[in-house]
*Asks:* 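Pasting a structure below so you can have a look.
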Amino acid sequence: MSKEVRVRFAPSPTGPLHIGGVRTALYNYLFAKKMGGKFLLRIEDTDQTRFVPGAEEYIQESLAWLGISPDESPWNPGDCGPYRQSERKPSYMQYALDLVEAGHAYYAFDTSEELEAMRERLEAARVVQPQYNNITRTQMKNSLTLSEDEVKAKLAAGEPYVIRVKIPRNEEVRLNDMIRGWVMVHTSTLDDKVLMKSDGMPTYHLANIVDDHLMNITHVIRGEEWLPSAPLHVLLYKYFGWEDTMPEFAHLPLLLKPDGNGKLSKRDGDKLGFPVFPINWENKENGETAAGFREQGYLPDAFLNFLSFLGWNPGDEREIFSLEELIKAFSVERIGKSGTKFDIAKAKWYNEQYLRAKSNPELAEYVISGASADGITILPETAEAIVSLTKERVTFPADLWQECKFVVTSPAEFDEAIASKRWNADAVTVLTAYAELLEGYTGAYDAEKAKAMLGETAEAKEIKLGKVMQAVRLAITGVGVGPDLMEIFAILGTEEVAKRIRFALASLEVIG
RNA sequence: GGUCGGUUCGUCUAGGGGUUAGGACGUAUCCCUUUCACGGAUAAAACACGGGUUCGAUUCCCGUACCGACUACCA
């Protein structure tokens, strides 16, 4: 009988979650759902000095936006609470003491000055790697070098101390990573990491082992930056006697900067020209806003689809996957090993695909709200007409309105570059004649009719329509690019088209 | 520096002892369109390097190079 799969996403609330973290959460979610298990969220707030207000809510909102909300979390607790490490504080010390008792950990009383002095001493002696380990601990103030009475006295006197793990001198630690296979590390390269800090809080290393055990976590899926400390974690499972239920590990490849130098970090922000956060983040300290994908107009499904392909692929040639389909197709075996550069062009492409898949009435809402933000009230029919004109050519919902503003606001000025190239005598001739024609016309007017009439006008003047089309577009919209012009004519109607032509004729200088 | 990890088109990747090394994004060209796009077609574009093993290696092994992570009383 196999146990229920339980995975956790365990961010620390030190600021906004960046997309690497979001991808980790997503893979955890996909794996849990694929296996019919549970996805939990645990807040790792053991560093009280780095706590940032609002970060927890940010995490919650980001996951909710993407539709990958946890089954158990601080806000939706299951049977393994609390889901915030700060609230689990009372339980950790005993575990650390058990380790001391068993000889796998010890008290250390060294002050930060003494630690600094030790590092300097070692550096002076050209020790390449100054660390608190099985050699240097013999020269420090700890329960291994002090007598039992001295230790008791210090403890009784309330002297600050930490508890460090006692890494064995000569052992090989093996770890079978689900993505990387066997990883072996010799304990001589490990240091005696602090397990309990002097403020009474555990470090990540202790807390994550204790909590994963207590919360029945079966698989730890996390970023590659944790791989170097994974052997320590394996050792801790062994010392606690929890080897039988030790979770399996999967260390995800890193998300890299587009230039390939280093992992994508929170600081990269929009200085790289794209967001690195799922949703906007207001920095309360400096009042700055870090851009989020949501606010930039990325659709959650598109973003999720894009993110899922950063380091994973289904093994066939499909590209578009709903969340349901991702769950079905997902497997840890198909996660790659190498770091992944972040390519915003692909994200845009995904967004376009998802945008076009939406219905016109749905998209019309974006146009209506875009217009209303500009103080313009627009009819649903007009909004839908704009949508059908534009949806095939935009990336973001907001573009729908931006690209078609001129439908409801006639141009006040005209693109200089186009005017200087295209506003010639032929254009003026055709446009003047077309305006006259429209002004005397009262029949039906649709895109086809508009085109036919324009064609006839040009033909009558013996001018090729193609030669003057850009100028016609300029007169009507003020710019050189945009949706199908004849469709725009139809939406505008004869009167408005004629009016705009007259205005352009009066405003623009004819070239050469 | 040390430890660990990684390396297939510019990017995301498929593949795997014998393949014309496949797809997608992006780029370019052409077609469609008397406008703008969409769309369609085509093209350029990759197995880091050196040794081994083998009839044969991009694929397996070993080195080298390069890239990255880690190296806190941070996670």
Side-chain angles (χ1 to χ4, degrees), chain A residues 10-14 44-47 49-50 85 108 110-112 115 126-132 160-164 175 177 179-180 183-186 188-191 193-205 207-208 222-231 251 253-254 256 258 260-263 306 309-319 334 336-350 352 356 389-394 403 451 454-455 458-459 464-474 476-477 479-488:
Chain A
S12 118
T14 54
E44 309 234 326
D45 55 351
T46 53
D47 186 351
T49 63
R50 294 210 306 161
Q85 288 183 328
D110 315 278
T111 63
S112 48
L115 289 172
R126 290 202 219 159
V127 172
V128 283
Q129 224 177 338
Q131 56 180 18
Y132 208 117
Y161 65 91
V162 299
I163 294 177
R164 286 179 181 271
L175 157 74
D177 187 273
I179 294 171
R180 284 151 218 286
V183 176
M184 277 163 276
V185 177
H186 199 85
S188 60
T189 65
L190 266 29
D191 64 340
K193 281 267 183 291
V194 169
L195 263 22
M196 288 298 291
K197 300 186 268 189
S198 55
D199 65 358
M201 277 296 223
T203 59
Y204 169 84
H205 303 295
N208 105 86
R222 76 224 304 191
E224 190 187 329
E225 67 267 29
W226 293 109
L227 197 49
S229 56
H251 289 94
L254 261 16
L256 272 17
N261 289 318
K263 70 172 175 176
F306 163 68
F309 271 66
L310 255 26
W312 171 87
N313 76 84
D316 55 37
E317 284 170 1
R318 291 175 296 163
E319 301 270 351
R334 296 208 64 86
K337 294 181 173 70
S338 50
T340 302
K341 284 179 196 141
F342 194 81
D343 179 20
I344 198 65
K346 195 78 176 248
K348 287 182 177 165
W349 178 78
Y350 269 112
E352 286 160 8
R356 287 169 200 174
L389 235 52
T390 321
K391 73 191 275 192
E392 299 292 328
R393 40 185 305 129
V394 299
E403 282 266 310
K451 192 177 193 173
L454 188 59
E459 207 173 323
K464 283 232 194 258
L465 227 204
K467 293 259 182 200
V468 299
M469 261 331 244
Q470 280 291 92
V472 176
R473 179 179 287 281
L474 183 72
I476 304 301
T477 69
V479 293
V481 294
D484 187 285
L485 236 200
M486 295 306 129
E487 294 289 350
I488 294 172

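Atoms considered below: every heavy atom in the structure, side chains included; atoms not considered: hydrogens, waters and symmetry mates. Being a predicted model, the structure only gives us computed values, none of them experimental. First the proteins, then the strands, lettered A, B, ... as listed; each starts at 1.
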*Asks:* Taking NZ, NE, NH1 and NH2 as the nitrogens, is one of them in A:Lys341 or A:Asp343 under 4.0 Å from a carboxylate oxygen of the other?
*Replies:* no

*Asks:* What distance do A:Thr477 atom OG1 and A:Glu403 atom CD have between them, rounded to the nearest 0.5 Å?
*Replies:* 10.5 Å

*Asks:* Any base atoms under 4.0 Å from A:Val162, or only sugar-phosphate, or nothing? Heavy atoms, all strands.
*Replies:* base

*Asks:* Over all strands shown, is A:Asp484 touching base, sugar-phosphate only, or nothing at heavy-atom distances under 4.0 angstrom?
*Replies:*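 Result for A:Asp484 = base.
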
*Asks:* Could you please name the partner base of B:A21, counting Watson-Crick and G-U wobble pairs only when both distances are under 3.5 Å?
*Replies:*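 The answer is none; no pair meets the criterion.
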
*Asks:* Need the pair for B:U27. Rule: Watson-Crick or G-U wobble, both distances under 3.5 Å, any strand; none if unpaired.
*Replies:* B:A43

*Asks:* What is the ring orientation for A:Tyr204 with A:Trp226, classed by angle as parallel under 30°, tilted 30 to 60°, or perpendicular over 60°?
*Replies:*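 Judged by the thresholds at 30° and 60°, the geometry between A:Tyr204 and A:Trp226 is parallel.
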
*Asks:* Would you mind telling me which of B:G5, B:U34, B:U71 lies closest to the side-chain atoms of A:Lys451?
*Replies:* B:U34

*Asks:* Choose from B:G26, B:U3, B:C36 the nucleotide whose nearest atom is closest to any side-chain atom of A:Arg473.
*Replies:* B:C36

*Asks:* Scan every strand shown for a Watson-Crick or G-U wobble partner of B:A65, both distances under 3.5 Å, and answer none if you come up empty.
*Replies:*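 Base partner found: B:U7.
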
*Asks:* In this structure, are over 12 heavy atoms from other groups packed under 6.0 Å from A:Lys197 atom NZ?
*Replies:* yes

*Asks:* Go ahead and name the base partner of B:G2; Watson-Crick or wobble counts if both distances stay under 3.5 Å, otherwise write none.
*Replies:*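 Matched B:G2 with B:C70 under the 3.5 Å cut-off.
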
*Asks:* How many Å lie between CG on A:Leu195 and C1' on B:C74, as a whole number?
*Replies:* 15 Å

*Asks:* Any side-chain N or O of A:Lys197 below 4.0 angstrom from OP1/OP2 of B:C74?
*Replies:* yes

*Asks:* Take A:Lys263 and A:Met184, find for each the nucleotide of RNA chain B with the closest heavy atom, and name the residue whose nucleotide sits nearer the 5' end.
*Replies:* A:Met184

*Asks:* Could you please name the option among B:G22, B:A75, B:C25 that lies closest to any side-chain atom of A:Trp226?
*Replies:* B:A75

*Asks:* Measuring from the side chain of A:Asp47 (C-beta onward, heavy atoms only), which nucleotide among B:C4, B:C36, B:C74 has the closest atom?
*Replies:* B:C74

*Asks:* Is the glycosidic angle of B:C12 within 90° of 0, making it syn, or outside that range, making it anti?
*Replies:*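 Because its glycosidic torsion lies more than 90° from 0, B:C12 adopts the anti conformation.
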
*Asks:* Quickly work out the A:Glu225 CD to B:U3 C1' distance and round it to whole Å.
*Replies:* 16 Å

*Asks:* What is the separation between atom CG on A:Leu254 and atom P on B:C4, rounded to the nearest whole Å?
*Replies:* 18 Å

*Asks:* Give the nucleotide from the list B:C25, B:G68, B:U71 with an atom nearest to the side chain of A:Ala345.
*Replies:* B:C25

*Asks:* Identify the pairs formed between an N or O of the protein and an N or O of nucleotides 8-14 of chain B at a distance under 3.5 Å, and give each distance.
*Replies:*
unit_1 : atom_1 : unit_2   : atom_2 : d
B:U11  : OP1    : A:Lys341 : NZ     : 3.4
B:C12  : OP1    : A:Lys341 : N      : 2.9
B:C12  : O2'    : A:Phe309 : O      : 3.1
B:U13  : OP1    : A:Gly311 : N      : 3.0
B:U13  : OP1    : A:Thr340 : OG1    : 2.8
B:U13  : O3'    : A:Asn313 : ND2    : 2.8
B:A14  : OP1    : A:Asn313 : ND2    : 2.8
B:A14  : O3'    : A:Arg334 : NH2    : 3.2

*Asks:* Rounded to the Å, how far apart are A:Tyr132 OH and B:U71 P?
*Replies:*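 To the nearest whole Å, that distance equals 19 Å.
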
*Asks:* Scan every strand shown for a Watson-Crick or G-U wobble partner of B:A14, both distances under 3.5 Å, and answer none if you come up empty.
*Replies:*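 Result: none.
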
*Asks:* Which pair of heavy atoms, one from A:Pro253 and one from A:Lys337, lies closest together, and at what distance?
*Replies:*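 Taking A:Pro253 first and A:Lys337 second, the nearest heavy atoms are CB-O, 3.7 Å.
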
*Asks:* Among the nucleotides B:U35, B:G26, B:G68, which one has an atom lying closest to any side-chain atom of A:Met469?
*Replies:* B:U35

*Asks:* If the cut-off is 4.0 Å, is A:Arg164 near the phosphate of B:C73, judged by side-chain N/O to OP1 or OP2?
*Replies:*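 Yes, such a contact exists.
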
*Asks:* Nearest 0.5 Å, please: how far is CD in A:Glu459 from NZ in A:Lys464?
*Replies:* 9.5 Å

*Asks:* Of the non-hydrogen atoms in A:Pro202 and A:Thr46, which two are nearest, and what is the gap between them?
*Replies:* O-CB, 3.4 Å

*Asks:* Tell me the closest heavy-atom pair linking A:Arg473 and A:Gly480, and the distance in Å.
*Replies:* CD-O, 3.1 Å

*Asks:* Mapping A:Val481 and A:Lys337 onto RNA chain B by nearest heavy atom, which one lands closer to the 5' end?
*Replies:* A:Lys337

*Asks:* Tell me what A:Leu485 touches on the nucleic acid: a base, only sugar-phosphate, or nothing, going by heavy atoms under 4.0 Å.
*Replies:* base

*Asks:* Rounded to the nearest 0.5 Å, how far does OG1 of A:Thr340 lie from CZ of A:Phe309?
*Replies:* 12.5 Å

*Asks:* Nearest heavy-atom pair of A:Ile179 and A:Gly336: which atoms, and what distance?
*Replies:*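 Of all heavy-atom pairs spanning A:Ile179 and A:Gly336, the closest is CG2-O, 3.8 Å.
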
*Asks:* If you check every side-chain atom of A:Glu44, which of B:A75, B:C73, B:C4 has the closest atom?
*Replies:*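 Out of B:A75, B:C73, B:C4, the nucleotide with an atom closest to A:Glu44's side chain is B:A75.
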
*Asks:* Students often get this wrong, so: under 4.0 angstrom with heavy atoms, is A:Asp177 touching a base, only sugar-phosphate, or nothing?
*Replies:* nothing

*Asks:* Find the distance A:Phe306:CZ to B:G26:C1' and express it as a whole number of Å.
*Replies:* 13 Å

*Asks:* Can you measure A:Trp349 atom CH2 to B:A37 atom P for me and round it to whole angstrom units?
*Replies:* 20 Å

*Asks:* Contact class for A:Thr46 (heavy atom, under 4.0 Å): base, sugar-phosphate, or nothing?
*Replies:* sugar-phosphate

*Asks:* Picking from B:U3, B:A69, B:G5, which would you name as closest to the side chain of A:Thr189?
*Replies:* B:U3

*Asks:* Confirm from the modelled atom types if A:Arg393 and B:C36 form a donor-acceptor pair under 3.5 Å, side chain to base only.
*Replies:* yes

*Asks:* Can you tell me the Watson-Crick or wobble partner of B:U34, both distances under 3.5 angstrom?
*Replies:*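 Partner of B:U34: none.
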
*Asks:* Specify the separation, in whole Å, of atom CG of A:Leu115 and atom P of B:U71.
*Replies:*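 Going from CG in A:Leu115 over to P in B:U71 covers 16 Å.
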
*Asks:* Looking across every strand, which nucleic acid part, if any, lies under 4.0 Å from A:Arg180 by heavy atom: base, sugar-phosphate, or nothing?
*Replies:*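 Sugar-phosphate contact only.
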
*Asks:* With both distances kept under 3.5 Å, what pairs with B:U53, Watson-Crick or G-U wobble?
*Replies:* none

*Asks:* Can you tell me the distance, in whole Å, between the CD atom of A:Glu224 and the C1' atom of B:A75?
*Replies:* 16 Å

